[in-house]
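Accompanying notes for the structure given below.
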Amino acid sequence: MKKTCYITTPIYYSSGIVHIGNSYTTIVCDAFARFKRFKGVDTFYLTGMDEHGQKIEEAALKNNKSPQEFVDGIAQYTKELWKKLNITNDDFIQTSELRHTEVVQEMFEKLIEKGDIYLGKYEGDYCVSCESFFTKTQIVKEGCCPDCDKPLRKVQEEGYFLKLKKYEKQLLDFIKENPDFIQPESRKNEVVSFIEQGLEDLCVSRTSFKWGIPVKSNPKHVVYVWVDALSNYITALGYNTKNDELFKKFWLNGDEVYHVVGKDILRFHAVYWPIILMALEIPVRFKLLAHGWVLMRAGKMSKSKGNVIYPLDIVERYGLDALRFFLIKEMPLGNDAIFSYDRFIEVFNNSLVNDLGNLLSRTTAMINKYFDGKLTKPLKKYFDFDKSVEEVVNNTIKVYQDTFDKFHFQAGLNEIWAMISRANKYIDETLPWVLAKDENKKQELNSVLYTLYEVLRLVGLMIYPVTPDTAIKIFEQLNIPEKNRVFENLKYWISENASVSKESLMLFKRLDVEAELKFQEEKNNESLKEELNLPEISIEDFNKIDLRVGKVVECNLVKDSSNLLLFKISLDEKIYQIVSGIAKYYNPNELVNKNIVFVKNLKPCKIKGILSEGMILTATDGKVFEILELKKVENGKVS
Ligand code: MSP
């Protein structure tokens, strides 16, 4: 029976589109999944979208879409992006899908029945952006989220609580008994000390917004997004359904299960998720691999700094494998790494163009020139240097298998590149062009080129999980048929037919460092300007917006919503109804009788099932928020 491996990425929030930071996880997991399949392990690779919560509900509203429409659009974009990045995920789960929501509802009910989830009251400081509550001791700056610094909201609601405390000891014992549960070690220590400070029961439902999975027995509550999201790892496998073969195969009876997560979401995975599983009496089968962040020199990527990098921008200019290689090679598991174009270009020119590209082009050119593209399997090795090359190669094969299997891609790639350098040096040591001048040295020359051919074949096999397109190009240059591109052939000096293609191919084209850096700097300036300044428009464009002043005759909080106000505005003896997400800034009563500005000709849409026929104008400087109000004009046109 084949061994199995189940690997997952975090599911990404649908509130925006993924940048290179979060694409990193998907790329690195793809390399791992490809490596496992290459080894013959039956592998299942899952990724997907985390689609519920207030932040997403608000993003949908901003975009004038229903939440479902909005998240479906983002999911479609992300799926296509993963295809373009050559990601080989076996499934893509969206948490708004029925196959997920139904199972989560049942899980929740089971825990209520069992008494591990109970109804209580919650009062606390909540960050919408992080979808998290914070205790007084966690808050560093009064009123601000300790993670993202955005304003905290005071929330008081009836809520369901998960008994974390009950499982505290069981979890600590589990971590002790499974020393490799959390990797790297330093992250494990953080988790252990967090648990040892004592766990408080966790509020696992919300009533302040609707866009979530309703609690079946009490639908005014929706399931807390993290409980909803974490469950994806088993709902995608069909847990608790008739089609639970994947769950049995990859989870219950599986050999290896890995959740790869960024360091910022480790606590949810290392504390809440195992406790949910323990409470459900599902075995905790997974290991956690926590990685660091891709940072910019200025710190975190941020739109306002104009330094957010999106994967397709790099792919379009430098090629997909350059991106995959760079991210995987530069990011050791656990630590942060800085993304800069100067480093990217340096790695591109040194590792890909000089080391790998040159070895391939020099070798194939010489095989074509001296042997018309065909070598014979040599009878022996002729030079002293052969021994040292052989040692390096055999060691690399070993290290490669070991490191890639442990997610230590950086160490593995460094070893492969050391082997490539050794082979380039071997060319300078054996001087094939000198051997070629001596008819009696034909055998020696054949043997030297065969050695190089073998090194390149092994490079192709080994880098396949990281840079699949480049590996395939190498195989094509070396005339290696598909049946030979297999793990079992990770052995040295085994090729029977060592021939190369007549057409030589350039793997990577050298980049002009100065020109590239200038290009990127200009692009960065442009995008910064774009963030702050919208493109110029004509007066005709402006005149398309029908801006009016009307009087608010009625204003009410939308039922079951904490952030939506329903306005009735009178204009030209007609009443317009508009839904606006500004309830957190205004009490509805104080808005009645105000003369406010609104867009009259915005395409009507439904928000929470309520028709909205326009848009209310507001202004903010980031600190203060105000609705646009006129003192004297009651019924008029804005121009
Ligand atoms: N939806 C939750 C995860 C739920 S999993 C059950 C979430 N989503 S996220 O979109 O905000 O982040 C997804 C992953 O991207 C996290 O692992 C996070 O650490 C990672 N990253 C976000 N920015 C990153 C970088 N700049 N660099 C590397 N990873 C980063 O959290």
Side-chain angles (χ1 to χ4, degrees), residues 7-29 46-56 59 71 74-75 77-78 81-82 92-96 100 104 107 127-132 145 147-148 150 182 187 204 211-213 223-237 257-274 276-277 286 288-303 305 307-311 314 323 326-328 330-340:
I7 175 159
T8 68
T9 70
I11 48 173
Y12 302 103
Y13 284 131
S14 301
S15 39
I17 61 169
V18 291
H19 50 64
I20 59 158
N22 30 37
S23 306
Y24 161 75
T25 323
T26 314
I27 291 176
V28 89
C29 288
L46 175 73
T47 187
M49 304 306 289
D50 187 351
E51 305 187 312
H52 288 129
Q54 194 163 0
K55 192 167 49 168
I56 291 160
V71 298
I74 300 270
Y77 172 88
T78 315
L81 173 69
W82 296 150
F92 185 94
I93 186 149
Q94 296 179 237
T95 54
S96 64
H100 174 78
V104 171
M107 287 164 65
C127 173
V128 174
S129 192
C130 302
E131 303 281 12
S132 277
C145 170
D147 282 350
C148 71
K150 292 195 180 133
I182 302 167
R187 299 271 171 227
V204 288
W211 179 238
I213 304 179
V223 175
Y224 174 42
V225 278
W226 270 100
V227 173
D228 167 354
L230 290 162
S231 311
N232 92 90
Y233 300 131
I234 55 174
T235 59
L237 297 181
V257 179
Y258 296 102
H259 296 324
V260 181
V261 299
K263 59 180 184 180
D264 52 316
I265 59 170
L266 179 61
R267 198 194 339 139
F268 299 96
H269 285 81
V271 180
Y272 305 157
W273 182 222
I276 294 170
L277 291 168
F286 64 90
L288 280 173
L289 302 175
H291 63 75
W293 273 45
V294 179
L295 299 175
M296 306 303 286
R297 287 218 174 94
K300 277 192 187 176
M301 275 182 253
S302 114
K303 276 194 169 184
K305 288 182 204 148
N307 66 358
V308 182
I309 296 182
Y310 296 99
I314 299 200
L323 172 71
F326 182 80
L327 287 178
I328 296 177
E330 290 291 293
M331 293 276 300
L333 187 70
N335 298 337
D336 292 339
I338 290 189
F339 180 92
S340 70

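For ligands, and for the atoms within them, numbers begin at 1 and follow the listed sequence.
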His291 neighbourhood, listing ligand 1 atoms whose heavy-atom distance to it stays under 4.0 Å: 28 (C), 29 (N)

Smallest separation among heavy atoms of Ile17 and Tyr310, with atom names: CG1-CE2, 3.9 Å

Heteroatom distance test (Val261, ligand 1): nitrogen or oxygen, under 3.5 angstrom: no

Options Leu266, Asp228, Val294, ranked by nearest heavy atom to atom 27 (N) of ligand 1, top entry: Val294

Ligand 1 versus Trp226: contacting region, heavy-atom distance under 4.0 Å: side chain

Geometric N/O contact Leu230 with ligand 1, under 3.5 angstrom: no

Numbering as shown, the atoms of ligand 1 that approach Gly262 to under 4.0 Å (heavy-atom distance): 17 (O), 19 (O)

Proximal candidate to atom 30 (C) of ligand 1 [heavy atom criterion; set Gly21, Ser129, Gly292]: Gly21

Short N or O distance, Asn232 and ligand 1, threshold 3.5 Å exclusive: no

Verdict with supporting geometry, Gln54 and Trp211, side-chain contact (heavy atoms from CB on, under 4.5 Å): CA-CA 7 Å; Gln54 194 163 0; Trp211 179 238; over 6 Å; no

Minimum-distance protein heavy atom relative to atom 3 (C) of ligand 1: Ile11 O, 3.2 Å

Check: Thr95 side chain, Asp50 main-chain N or O, donor-acceptor pair, under 3.5 Å: no

Within reach of ligand 1, part of Lys300 (heavy-atom separation under 4.0 Å): neither

Lys55 side chain to Ser129 backbone, donor-acceptor under 3.5 Å: yes

Any side-chain heavy-atom pair of Tyr12 and Ile74 under 4.5 Å: no

Tyr24 contact mode with ligand 1 (heavy-atom cut-off under 4.0 Å): neither

Whether Phe339 and Phe326 hold their rings parallel, tilted or perpendicular, with breakpoints at 30° and 60°: perpendicular

Atoms of ligand 1 close to Ala229 [distance to a heavy atom under 4.0 angstrom, numbered from 1]: 6 (C)

For atom 20 (C) of ligand 1, the protein heavy atom that lies nearest, with its residue and separation: Asn22 CB, 4.1 Å

Nitrogen or oxygen of Asp264 less than 3.5 angstrom from that of ligand 1: yes

CA sep, side-chain torsions, deciding dist, call: Tyr13, Asn22, side-chain contact (heavy atoms from CB on, under 4.5 Å): CA-CA 10 Å; Tyr13 284 131; Asn22 30 37; over 6 Å; no

Identity and distance of the protein heavy atom lying nearest atom 16 (C) of ligand 1: Ile265 CD1, 3.7 Å

Aromatic ring pairing Trp273/His259, orientation class (parallel under 30°, perpendicular over 60°, tilted between): tilted

Distance-only N or O hit between ligand 1 and Asp50, under 3.5 Å: yes

Where ligand 1 meets His269 - atom numbers and elements under 4.0 angstrom, heavy-atom basis: 5 (S), 6 (C)

Selection from Trp293, Phe339, Trp273, Tyr233 by shortest heavy-atom distance to atom 5 (S) of ligand 1: Tyr233

